[in-house]
Amino acid sequence: MTRAEAKEHNRRALLEAARLVVARDGHRAKLEEIAEQAGLTTGAVYSLFGNKNGLLVALVTDFLTPHYDGIEQALPAGMGLVEAVEVFARHYRRLCDDPDALRELSFEISLQDLALRDPELQPRLAASVRAHEERLTALLAGRTHRENALTPRQARRLATALRALMVGLSQGVILGLTHAAPEQYFTAVARALVTPDLLGPS
């Protein structure tokens, strides 16, 4: 194993360990336990991520990137705005049926709890989430709706509302709070966001 390969191996081991420990212990997650779970020392955390918060921020990126990669692949250029919104909604609904959906939700909630308790971590996690929301904004901008191309400003407004709506609905489905919510329901409520009132002026 080369030095670069060893570094990446340790990085992956720490991220996977952090995901398990954070989901299990929430704000009580200890850096020592994460390192031990990964078979490494806390020194490896500081070397690779700077500190515990650096590890947690990297964890959010590691968690969200594949999700948005999948969305990007499902939204080819040239697809109209309404169709793109429907595809996004179906993607979120199908994630609810993943066998690991409840574990993933537990992890997300644990991260949010950590952010609420740590004033230094909160803005860093928020910035990481916003960066991925910007990916969605870029995917929506320029798509055509009623013969008009969505401006970046309108795309940002829609991306914020769309992500918030899908996250809330998905959590309801996973927790068993939202009944009779098939893909058609997700797509219908997502389409309802594509209105002049929400999009605002260009």
Side-chain angles (χ1 to χ4, degrees), residues 4 8 11-12 15-16 19 56-109 111-112 124-175 178-202:
E8 181 58 23
R11 181 180 176 279
R12 293 302 322 164
L15 287 170
E16 289 168 14
R19 195 161 176 166
L56 294 175
V57 171
L59 194 57
V60 171
T61 299
D62 188 70
F63 176 72
L64 290 176
T65 296
H67 174 58
Y68 279 89
D69 285 347
I71 293 170
E72 195 167 294
Q73 292 170 9
L75 299 178
M79 180 182 285
L81 178 63
V82 171
E83 186 180 357
V85 165
E86 291 176 345
V87 169
F88 181 81
R90 281 194 294 271
H91 178 84
Y92 255 92
R93 180 59 184 86
R94 289 168 186 172
L95 289 176
C96 298
D97 296 327
D98 189 292
D100 289 329
L102 188 58
R103 184 171 65 87
E104 298 288 357
L105 178 57
S106 175
F107 166 71
E108 289 181 56
I109 293 172
L111 272 177
Q112 291 168 4
R124 295 183 66 184
L125 287 182
S128 181
V129 172
R130 278 196 298 271
H132 285 86
E133 192 169 290
E134 284 299 319
R135 286 187 68 182
L136 178 58
T137 298
L139 283 171
L140 295 175
R143 294 186 187 273
T144 303
H145 178 57
R146 295 180 178 173
E147 300 183 355
N148 293 313
L150 202 68
T151 66
R153 181 178 183 277
Q154 292 173 323
R156 186 172 297 108
R157 288 169 61 91
L158 179 58
T160 299
L162 191 58
R163 190 186 68 82
L165 178 61
M166 291 298 110
V167 167
L169 281 175
S170 298
Q171 290 181 356
V173 171
I174 294 168
L175 294 173
T178 304
H179 302 291
E183 285 187 18
Q184 295 89 336
Y185 179 77
F186 269 59
T187 56
V189 295
R191 279 197 310 272
L193 293 177
V194 186
T195 65
D197 286 342
L198 185 138
L199 297 179
S202 58

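All values below were derived from every heavy atom in this structure, side-chain atoms included, with hydrogens, water molecules and symmetry-related copies excluded.
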Return yes when atom OH of Y68 has more than 12 non-hydrogen atoms of other residues, nucleotides or ligands closer than 6.0 Å, and no otherwise. yes
Looking at A84 and L75, what are the two nearest heavy atoms and their distance? O-CD2, 3.4 Å
Check for me whether the distance between the ring centres of Y92 and H67 falls short of 6.0 Å. yes
Interatomic distance, CZ@R90 vs CD@Q184, rounded to 0.5 Å, equals 9.0 Å
Any donor and acceptor pair, going by atom type alone, linking the side chain of R191 with main-chain N or O of V85 inside 3.5 Å? no
Mind checking the CD1-CG spacing from I109 to L175? Nearest 0.5 Å is all I need. 6.0 Å
Atom of S128, atom of T61 and distance for their closest heavy-atom approach: OG-OG1, 3.2 Å
Show your working on side-chain contact (heavy atoms from CB on, under 4.5 Å) between R93 and Y185 and close with a plain yes or no. CA-CA 9 Å; R93 180 59 184 86; Y185 179 77; over 6 Å; no
Would you name the heavy atoms of D62 and R12 that are closest together and state the gap between them? OD1-NH1, 2.6 Å
Distance-minimising heavy-atom pair for A101 and C96: CB-O, 3.6 Å
Checking M166 against V189 for the side-chain contact (heavy atoms from CB on, under 4.5 Å) test, could you report, in this order, the C-alpha distance in whole Å, the side-chain angles of both residues, the deciding distance, and whether it holds? CA-CA 9 Å; M166 291 298 110; V189 295; 4.1 Å; yes
May I ask you to test the T144-L81 pair for a side-chain heavy-atom distance under 4.5 Å? no
Between L140 and L150 the two heavy atoms that sit nearest each other are O-CD2, 3.7 Å
Within a strict 4.5 Å, meaning less than it, do heavy atoms of the R146 and V194 side chains meet? no
Salt bridge check: are R103 and D98 linked by an N-O gap of less than 4.0 Å? no
Ignoring hydrogens and geometry, is there a side-chain-to-backbone donor-acceptor pair from R143 to M79 under 3.5 Å? yes
Quick one: is the NZ or CZ of R19 closer than 6.0 Å to the six-membered ring centre of F107, and within 45° of its axis? yes
Going through the checks in order, is the side-chain contact (heavy atoms from CB on, under 4.5 Å) test met by F63 and L111? CA-CA 11 Å; F63 176 72; L111 272 177; 5.7 Å; no
Roughly how far, to the nearest 0.5 Å, is CG of L169 from CD1 of I174? 11.0 Å
Rounded distance (nearest 0.5 Å) linking atom CG of D97 with atom OG of S170: 10.0 Å
In sequence, state the C-alpha distance, the side-chain angles, and the governing distance for R157 and D197, and then conclude on salt bridge (charged side-chain N to carboxylate O under 4.0 Å, His left out). CA-CA 11 Å; R157 288 169 61 91; D197 286 342; over 6 Å; no
Could you tell me whether a side-chain N or O of T137 sits under 3.5 Å from a main-chain N or O of E133, the two making a donor and an acceptor? yes
Please step through side-chain contact (heavy atoms from CB on, under 4.5 Å) for the pair E104 and L95, ending with a clear verdict. CA-CA 10 Å; E104 298 288 357; L95 289 176; over 6 Å; no
Nearest 0.5 Å, what's the OG1-CG distance between T160 and L193? 11.0 Å
In terms of heavy-atom contacts, L162 and A190 come closest through CD1-CB, 3.8 Å
How many angstroms lie between atom CG of L158 and atom CG of L136, to the nearest 0.5 angstrom? 7.5 Å
